[in-house]
Every structure is written in C-alpha cells, then in structure tokens.
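Chain letters run A, B, ... following the sequence lines, proteins first, then strands; residues in each count from 1.
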There are 2 protein chains.
Amino acid sequence: MAPDRNRRRIPDATVSRLPVYLRLLGEQSAEGVDNISSERLAELAGVNAAKVRKDLSYLGSYGTRGVGYEVDYLVYQVRRELGLTHDWPVVIVGAGNLGQALAGYGGFGERGFPVAGIVDVDDAKVGTVLGGVRVRHIDELPQIVQTKRVSIGVVATPGAAAQEAADRLVAAGVTSILNFAPIVLSVPRSIEVRKVDLAVELQILSYHEQRRAGGAIHAVPGGASRSATA
Amino acid sequence: MAPDRNRRRIPDATVSRLPVYLRLLGEQSAEGVDNISSERLAELAGVNAAKVRKDLSYLGSYGTRGVGYEVDYLVYQVRRELGLTHDWPVVIVGAGNLGQALAGYGGFGERGFPVAGIVDVDDAKVGTVLGGVRVRHIDELPQIVQTKRVSIGVVATPGAAAQEAADRLVAAGVTSILNFAPIVLSVPRSIEVRKVDLAVELQILSYHEQRRAGGAIHAVPGGASRSATA
DNA sequence: AGGCACTCGTGCACACGTTCACAAAGCCCG
DNA sequence: CGGGCTTTGTGAACGTGTGCACGAGTGCCT
Ligand SMILES: NC(=O)c1ccc[n+]([C@@H]2O[C@H](COP(=O)([O-])OP(=O)(O)OC[C@H]3O[C@@H](n4cnc5c(N)ncnc54)[C@H](O)[C@@H]3O)[C@@H](O)[C@H]2O)c1
Ligand SMILES: NC(=O)c1ccc[n+]([C@@H]2O[C@H](COP(=O)([O-])OP(=O)(O)OC[C@H]3O[C@@H](n4cnc5c(N)ncnc54)[C@H](O)[C@@H]3O)[C@@H](O)[C@H]2O)c1
C-alpha cells in the first residue's frame, strides 16, 4: 500500500511539470479519454516520453505496462501530490492594473485558489469591488489571513512598495508568496517565493532575437568607443 | 577588441539572470554607485558571488581585479548582449483583463518594449483605447507586424483561442512569443516561445505548502481503497 | 619598489536534470 | 496456455548548472 510515498522529495523540475500534466489530463478526462500512454501525454505536453514516465514514477507506480495510465486515477494522484485536495485561498496586495486583472480573472478560483481578499493602501481604491471581492485596507491584512486561513500571498504593488508588502504578508502569517514586482524580495528562509517578471521574460526573448539576427547586423552608431575607457 | 565575443553561446540559466543584474545595476547607477563587486551584486540579486562572476565572464572580461566592475560600462555590455541596444516593439493579441493591464502598464515601453499594437476579434473591443494604443481588429495583425517591424508577440487570449492567436502571429512574421494562456503552444521550431502560467506557479506553491504541512495531515476520507486496484 | 589586501576569472568536483535503452510486466489472440 | 506486442519503470550515460577554491592581476600604502 505504498506506505511512505508521501515523504519522497520530488525534484523541482518535476514539480513544475506536474501542473501541466494535470491540466492536460483534466482535458483528456473531459473528452472521455480514460486511458493514456506516456507517449501521448508527452506529445501533448511537448516533452520527452521518458521524462513523463520518470516524473510520474516519483508519485508511485500508477501505470499499467502494456496499457498506460488510467486518466482519472492519475489526476487524483497528481492532485494529491500537489496538495490540491483542498482549496488554497490567496490574498492579493495591490489593487492596481494587475491586481484588478487578477481579481477579475475567474480561472483562479476555478483551479482551487479563491481570492480571499485584496488589499491596498490607497483609500480611493478601498471599498471598490473587483471580481466580486471588496478591496480592503492593508491594515486588515492580518485579520484576513487569519480568519480565512490564507497561506499564499500575491504581491501586485509597484516595485518600491513590494518589499513592504512582502514584510506585511509574512508578519500576517503567509508562508508562500507570488511576486509580480520587479525586485528581489528578501524574506525569511522558511518562506517560499516565486516571481513572475515580465521584463525578464521579454529580455530573454530579446536576447534570442538579437542572436538570431547575427548579433551585429544592427550596428550601434555611437558608444563604440566605450571600450577605450576600460 | 574582443572580436568574436558575440558568437559565444550563453547558457540559458545565465541569460535568465542577466536581466536581473541589469536592473540592479541600473538602480545602483542611479544611486551614484560607479563601481561594484561581484559580492555586492550577488547580495542584491540573492545569488552566489561565484555565479555572478561566471555569468558576467560569458560576456567577456569586463571586471578589474582588486576593484570590481564599472557599473555603467557593465550596464552597456549587458544591454548589448541582451539585444537591448534598440527597442523591440511588441504586439498584444487579446484585449481582455490581462491585455488591458499589459497595455496600461508603462513599465513595458520604459524598458524598451513599446506596445506597437493590440488586437482582438471582438468588435466591441476594437476601437477602444488602452494605455494610449487603439485596439485594432486581428485581421490587421500582419500589417501592424510588418509596418512596425514587430518580432515579439504576446498571447493574452483565452486558452481556447491561444493556438489560433499564435498561428496568426507566426503567419504575420513574429518570431518570438510570450504566452499567458494556459496551454502548450505548438509552433515551428524556429519560433522562440516563453510562457507565463499563473496556475502553474500557484500549484508549485501549493505543493510546498502541502509538503510543509507534513503531506498527510489533511487525510483524504474517500478514495483510499483505490490503491488496491493498482 | 615592494609588499599587502582585494577581487576577478576559471578549473574542478559535485549535484541536478535529461535522454536512451532495455528488462519486466501486463494484455490479447490464436 | 504460450508467444508476440505494447508500454511501463528505471539503471546508466550524458549534459547542464552550481559552488568552492585558488591563481592571477590590480591598486594602495609604506
Ligand atoms: N500591469 C501589468 O501588466 C504589469 C506587468 C508586469 C509587471 N507588473 C508589475 O506589477 C506590479 C503592479 O503593477 P500595476 O500595473 O498593477 O501597478 P499600479 O500602479 O496600477 O497598482 C499598484 C497598486 O498598489 C498599491 N500600493 C502601493 N503601495 C502599496 C503598499 N505599500 N501596500 C499595498 N498596496 C500598495 C497602489 O495603491 C496601487 O493600487 C508592479 O510592480 C509592476 O511592475 C505589472
Ligand atoms: N486576467 C488574469 O489575471 C490572468 C491571469 C492568469 C492567466 N490569464 C490568462 O490570460 C489569458 C487572457 O485572460 P483575460 O482575463 O484577459 O481573458 P479575457 O476573457 O478578459 O480576455 C480575452 C480577450 O481575448 C479576445 N479573444 C478571444 N479570442 C480571440 C482570438 N482568436 N483572437 C484575438 N483575440 C481573441 C477576447 O475578445 C477578449 O477580449 C487567458 O488565457 C487567461 O487564462 C489571465
């Protein structure tokens, strides 16, 4: 009965792919597919089939040789491993452009991450309603976190305010943070932080574009003499 | 004069850190700091100092032993390597919640990625103005891409429309795509795709929260007998 | 001028991640 | 009931990324 399956540490790279498999499996299930091979799942996920099998093997031996994986059962196991057997309410700090888009986005709650609250410092924003949730003052953060048992916080403030926002989240009892501000947050080691940085993504694309162009076709007129200063 | 510096391939992991260094260097420069050690930069970036030195060494030997790196010169070199010596106009497909937040976000243009256009299929959205840019019909995409020489496209449509949006971007001549829709895009190998998937990020955090809790405190009532079938 | 303190650049060892390749295991059919 | 076909699960090889440790170059002070 696979007694210690829980305690096995799953590699980071695998953890970041499991949600992708999960979504694809859900789609397959909805389409009436009840059995799937690693090859097919790999094709859908755009990865190597061996990688799929190895990833899934960290959860246990849930496949059937010669047949594949039973979709619904696999969905159940992946969800369990990712901790998706219950909802994880999130609190959003910053009700600007991005905070509003996030709050207004239904996909959050659907996937098990209901918006437990959204807070801001700006009194003009407090009281307005976004996506069915009323914006509250940031001073109410500890109360929201505690009464709603929130462990995940989202930082959607300008960069200059992001560290403070993170500090307040941590002080309120949040233990995981998703950061959209373009700064490196400093938090206690026990807090899990993930960042989503648009500028970084675009600059990575820019790197590849520049490289594709040969790296030097767009000759830069000025500034070349700089190397003399080094 | 470092003749073939351009042709050296830079590891992916390094490419993804360069934008972070770049931002920090810019901040330091603005604060009047004109020299910085790998140690200090590492501290700001939250990484190991040896990693910073190794990353920067891929650009060339631009540091001075015993002293550190000249901030402005390093900024110039990193920008050059990332292809940031000129602007990269982007086109956004999908003028919904997210597309609006993106268009209304000034940080884009500031960092060298001006919004060259935003398109949608919905006639109700076409003609409205977001962040100073008028929403146009998606049929005008090829024209926008060509006249504005856009090589980067952003997909901000619902998942169901994302593949079509990507196909249209590719057909119009875009060679890099930033995808916000929760699906795996299939594009020609020559197209560079990066994805930003909120649900994945949250589920990764969920995994760590669940694990932190001991992995089994929230005992799941039903479904346990399933393992008998395996 | 010489010595000393400092910091870069990098070789090396180790950890992590990916892919191949194949034995083991299950299913189906005759 | 046995042989052939399919697909899993995983050992082993390979590739990529990380971090230590130290030689080499530079500036400063005496
Ligand atoms: N909008 C986008 O598309 C986009 C894209 C990429 C990154 N970002 C990043 O996301 C963050 C938010 O962007 P935005 O466009 O929503 O900015 P915004 O200025 O529209 O909104 C920021 C909100 O945070 C609030 N705020 C400021 N200080 C606060 C504090 N200490 N505590 C709580 N709330 C505070 C402000 O009152 C405001 O409502 C920024 O860091 C930005 O760089 C946004
Ligand atoms: N809003 C968020 O905070 C958020 C967060 C995470 C992920 N996302 C993802 O971003 C995407 C967009 O989210 P949203 O909230 O902006 O959705 P939305 O429904 O508000 O907007 C989608 C827009 O795309 C347009 N569209 C539909 N089909 C199109 C097509 N074929 N070509 C061009 N335009 C088309 C629609 O007319 C609409 O204006 C979704 O895939 C969503 O999963 C959004």
Practice prompt. Mind checking side-chain contact (heavy atoms from CB on, under 4.5 Å) for B:Asn48 and listing every partner two or more places apart, or none if nothing turns up?
Written response: B:Ala50, B:Lys51

Worksheet item: Can you find a side chain N or O atom of B:Tyr69 that sits less than 4.0 Å from OP1 or OP2 on C:dG9?
Response: yes

Worksheet item: Taking only residues two or more places apart in sequence, or in another chain, which ones meet A:Thr14 in a side-chain contact (heavy atoms from CB on, under 4.5 Å)?
Response: A:Ile10, A:Pro11, A:Arg17, A:Leu18, A:Asp55, A:Tyr58

Worksheet, complete the sentence: The salt bridge (Lys or Arg N to Asp or Glu O under 4.0 Å) partners of B:Arg194 (sequence neighbours excluded) come to A:Glu201

Item to complete: For B:Arg40, enumerate each residue passing the salt bridge (Lys or Arg N to Asp or Glu O under 4.0 Å) test, keeping only those at least two apart in sequence or located in another chain.
Response: B:Glu43

Practice prompt. Show the numbers, then the answer: is there a side-chain contact (heavy atoms from CB on, under 4.5 Å) between B:Val52 and B:Tyr21?
Written response: CA-CA 9 Å; B:Val52 169; B:Tyr21 301 152; 3.7 Å; yes

Worksheet item: Can you pull the contact range of chain A along DNA chain D, 5' to 3', using atoms under 4.0 angstrom from its heavy atoms?
Response: D:dT6 to D:dA12

Worksheet item: Would you say the side-chain atoms of A:Arg212 pair up with the backbone N or O of B:Thr175, donor to acceptor, closer than 3.5 Å?
Response: yes

Using the 3.5 Å cut-off, write out each protein N or O paired with an N or O of nucleotides 26-30 of chain C and the distance between them.
none

Discussion item. For a 4.5 angstrom cut-off between non-hydrogen side-chain atoms, does B:Leu178 reach B:Val155?
Written reply: no

Discussion item. Considering only residues two or more places apart or on different chains, which pairs with a residue in residues 163-178 of chain B satisfy salt bridge (charged side-chain N to carboxylate O under 4.0 Å, His left out)?
Written reply: B:Asp139-B:Arg168, B:Glu164-B:Arg168

Item to complete: Evaluate the side chain to side chain donor-acceptor pair (under 3.5 Å) criterion for residues B:Arg80 and B:Thr85: first the C-alpha distance (whole Å), next the side-chain angles of each, then the deciding distance (0.1 Å), finally the verdict.
Response: CA-CA 6 Å; B:Arg80 196 172 61 85; B:Thr85 48; over 6 Å; no

Practice prompt. Name the orientation class of the two ring planes belonging to B:Tyr73 and B:Tyr76 (parallel below 30°, tilted from 30 to 60°, perpendicular beyond 60°).
Written response: parallel

Between the protein and nucleotides 16-20 of chain C, list the N/O to N/O atom pairs that are separated by less than 3.5 angstrom.
residue	atom	partner	partner atom	Å
C:dT18	OP1	A:Arg17	NH1	3.2
C:dT18	OP2	A:Arg17	NH1	3.2
C:dT18	OP2	A:Arg17	NH2	2.9
C:dT19	OP2	A:Lys51	NZ	3.2
C:dT19	O4	A:Lys54	NZ	3.1
C:dC20	OP2	A:Asn48	ND2	3.2

Discussion item. So, using salt bridge (Lys or Arg N to Asp or Glu O under 4.0 Å) as the criterion, who are the partners of B:Glu27 when residues are at least two apart?
Written reply: none

Worksheet item: Is the shortest distance from a Lys or Arg side-chain nitrogen in A:Arg23 or B:Asp197 to a carboxylate oxygen in the other one below 4.0 Å?
Response: yes

Discussion item. Under the rule for salt bridge (Lys or Arg N to Asp or Glu O under 4.0 Å), what residues qualify as partners of A:Glu192, not counting sequence neighbours?
Written reply: none

Worksheet item: What parts of residues 182-201 of chain B reach DNA chain D, counting only heavy atoms under 4.0 Å away?
Response: none

Discussion item. Any heavy-atom pair between the side chains of B:Ile191 and B:Ser176 that's under 4.5 Å?
Written reply: no

Response to the item:
In numerical order, the residues of residues 36-43 of chain A whose heavy atoms come under 4.0 Å of DNA chain D are A:Ser37, A:Ser38

Worksheet item: Is there a side-chain contact between A:Ile152 and A:Ile177, using heavy atoms and a 4.5 Å cut-off?
Response: no

